[in-house]
Number of protein chains: 2
Amino acid sequence: MRTQPRPPSTGRSLEHPDRDLIRLEDVLHALSDPMRLRIVCTLAGSEAEQSCSVFDLPVSKSTTTHHFRVLRESGVISQIYRGTAKMNALRRDDLEELFPGLLGSVLAAADRQAARRETAAR
Amino acid sequence: MRTQPRPPSTGRSLEHPDRDLIRLEDVLHALSDPMRLRIVCTLAGSEAEQSCSVFDLPVSKSTTTHHFRVLRESGVISQIYRGTAKMNALRRDDLEELFPGLLGSVLAAADRQAARRETAAR
DNA sequence: CGGTTCGTACGATACCCATCGTAGTACGCC
DNA sequence: GGCGTACTACGATGGGTATCGTACGAACCG
């Protein structure tokens, strides 16, 4: 189903925890930050990988880098370099295998809360 | 269905966030600490309220108090004084209403992880 | 009342962490 | 090679927080 050949990943590699080493506490901690939750929601909204730069976060670039690293090291996302860009993707399958339903309920909860906030603001 | 009349709560009262003020980020943060996750799992294991003292945590009493307060202020548990004891209960209904399925998947995930760890240790 | 049990309040401490700015590296392109 | 883009590394900083010990308060029991 992949129609477009993607640029190959470059030599730079990034540390990812093995699936069996992902800890629930770390995942929950990673998701408990508003910026990171926002990143994860955005990532969940599209099937494809997203480069770091498409996220328009109200923090500096170095802080953004920090959040992506926390997400990667906790096992929530995977990252790979493609040229100068760094592509991000949710580790849906690994998380689903380890903690069935967890990611889905967190994403749904985040959506509901966003909707609630919108209603309250009106 | 309540057969045993319980001792009345005493005058001392405790602040609880209204259901609509419970924030997902705070709940996730509360659950991201190993001690607190353990407390919540224990609490989920029995339908009844549990006094603080039945939790045998490997930390001091003052630290235990701290963790229960975090759980209460984040909206995860409710607490009420009964005599000298302080009874704790999960706010299942409120959480289910706000974030359907979330608590269940976190608890299931914690169970699975505990089981995995046990297997790995053997 | 005195003692016991249960939990709190407070201060201290050490660590974690979200944030920033600046300087730097890696890559693609002209 | 030189330039621009994308991201990183590092150090600093301020605020949060998990932990403790000690001293205290509130309720029950004799």
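Letters A, B, ... mirror the listed sequences (proteins, then strands); counts begin at 1. Given the structure is predicted, the values throughout are model-derived calculations rather than measurements.
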Report the distance from atom CE of B:M87 to atom P of D:dA27, rounded to the nearest whole Å.
16 Å
Does A:T119 have any side-chain hydrogen bond (donor to acceptor under 3.5 Å, both in side chains) partners at least two apart in sequence or in another chain, and if so, which?
none
Listed once per pair and sorted, the ring pair (Phe, Tyr, Trp, His ring centres under 6.0 Å) pairs that draw on residues 93-120 of chain A, sequence neighbours left out
none
Once ring pair (Phe, Tyr, Trp, His ring centres under 6.0 Å) is applied, do any residues pair with A:F55, and if so which ones, sequence neighbours excluded?
A:F68
Scan residues 40-48 of chain A against DNA chain D and write down, sorted by residue number, each residue with any heavy atom closer than 4.0 Å; if none is found, say none.
none
Under the side-chain hydrogen bond (donor to acceptor under 3.5 Å, both in side chains) rule, collect the residues that match up with A:S60, sequence neighbours excluded.
A:S62, A:T63
Go through the structure and list residues passing salt bridge (Lys or Arg N to Asp or Glu O under 4.0 Å) with B:D33, not counting sequence neighbours.
none
Round to a whole Å and report the spacing from CZ of A:R82 to P of D:dC7.
13 Å
Classify the side-chain pair B:N88/B:Q50 by whether it contains a donor and acceptor separated by less than 3.5 Å.
no
Residue from B:L37, B:L95, B:V40, B:D111 passing side chain to side chain contact (heavy atoms under 4.5 Å, CB included) with B:V106:
B:L37
For nucleotides 11-14 of chain D, which of its nitrogen or oxygen atoms have a protein nitrogen or oxygen under 3.5 Å away, and what is each distance?
none

Would you kindly give the CZ-to-P distance between A:R38 and C:dA18, to the nearest whole Å?
16 Å
Specify the separation, in whole Å, of atom CZ of A:R69 and atom P of C:dC16.
15 Å
Shortest side-chain distance from B:A85, nucleotide among C:dG7, C:dA26, D:dC7
C:dG7
Tell me the ring pair (Phe, Tyr, Trp, His ring centres under 6.0 Å) pairs involving residues 25-45 of chain B, sequence neighbours left out?
none
Calculate the interatomic distance between A:L57 atom CG and D:dA6 atom C1'; express it in whole Å.
15 Å
For B:R117, the salt bridge (Lys or Arg N to Asp or Glu O under 4.0 Å) test, sequence neighbours excluded, returns A:E25
Shorter than 3.5 Å, N or O on both sides, protein versus nucleotides 17-21 of chain D: list them out with atom names.
| from | atom 1 | to | atom 2 | distance (Å) |
| --- | --- | --- | --- | --- |
| D:dA18 | OP2 | B:R36 | NH1 | 2.7 |
| D:dA18 | OP2 | B:H66 | NE2 | 2.9 |
| D:dT19 | OP2 | B:H67 | NE2 | 2.3 |
| D:dC20 | OP2 | B:S60 | N | 2.6 |
| D:dC20 | OP2 | B:S60 | OG | 3.0 |
| D:dC20 | OP2 | B:T63 | OG1 | 2.9 |
| D:dG21 | N7 | B:S62 | OG | 3.2 |
| D:dG21 | O6 | B:S62 | OG | 2.9 |

Just call it for B:S53: base, sugar-phosphate, or nothing, with non-hydrogen atoms closer than 4.0 Å on any strand.
sugar-phosphate
Kindly write out the residues that satisfy salt bridge (Lys or Arg N to Asp or Glu O under 4.0 Å) with A:R36, not counting sequence neighbours, or none if the list is empty.
none
d(CD1, B:I80; P, D:dA27) in whole Å:
13 Å
Nearest-Å distance for atom pair CG/P, residues A:L14 and D:dC7
12 Å
Any idea which of D:dC7, C:dC6, C:dG7 is nearest the B:T84 side chain?
C:dC6
Taken to the nearest whole Å, CZ/B:F55 to C1'/C:dC6 is 15 Å
Contacts of A:R23 that satisfy salt bridge (Lys or Arg N to Asp or Glu O under 4.0 Å) - sequence neighbours left out:
A:D26
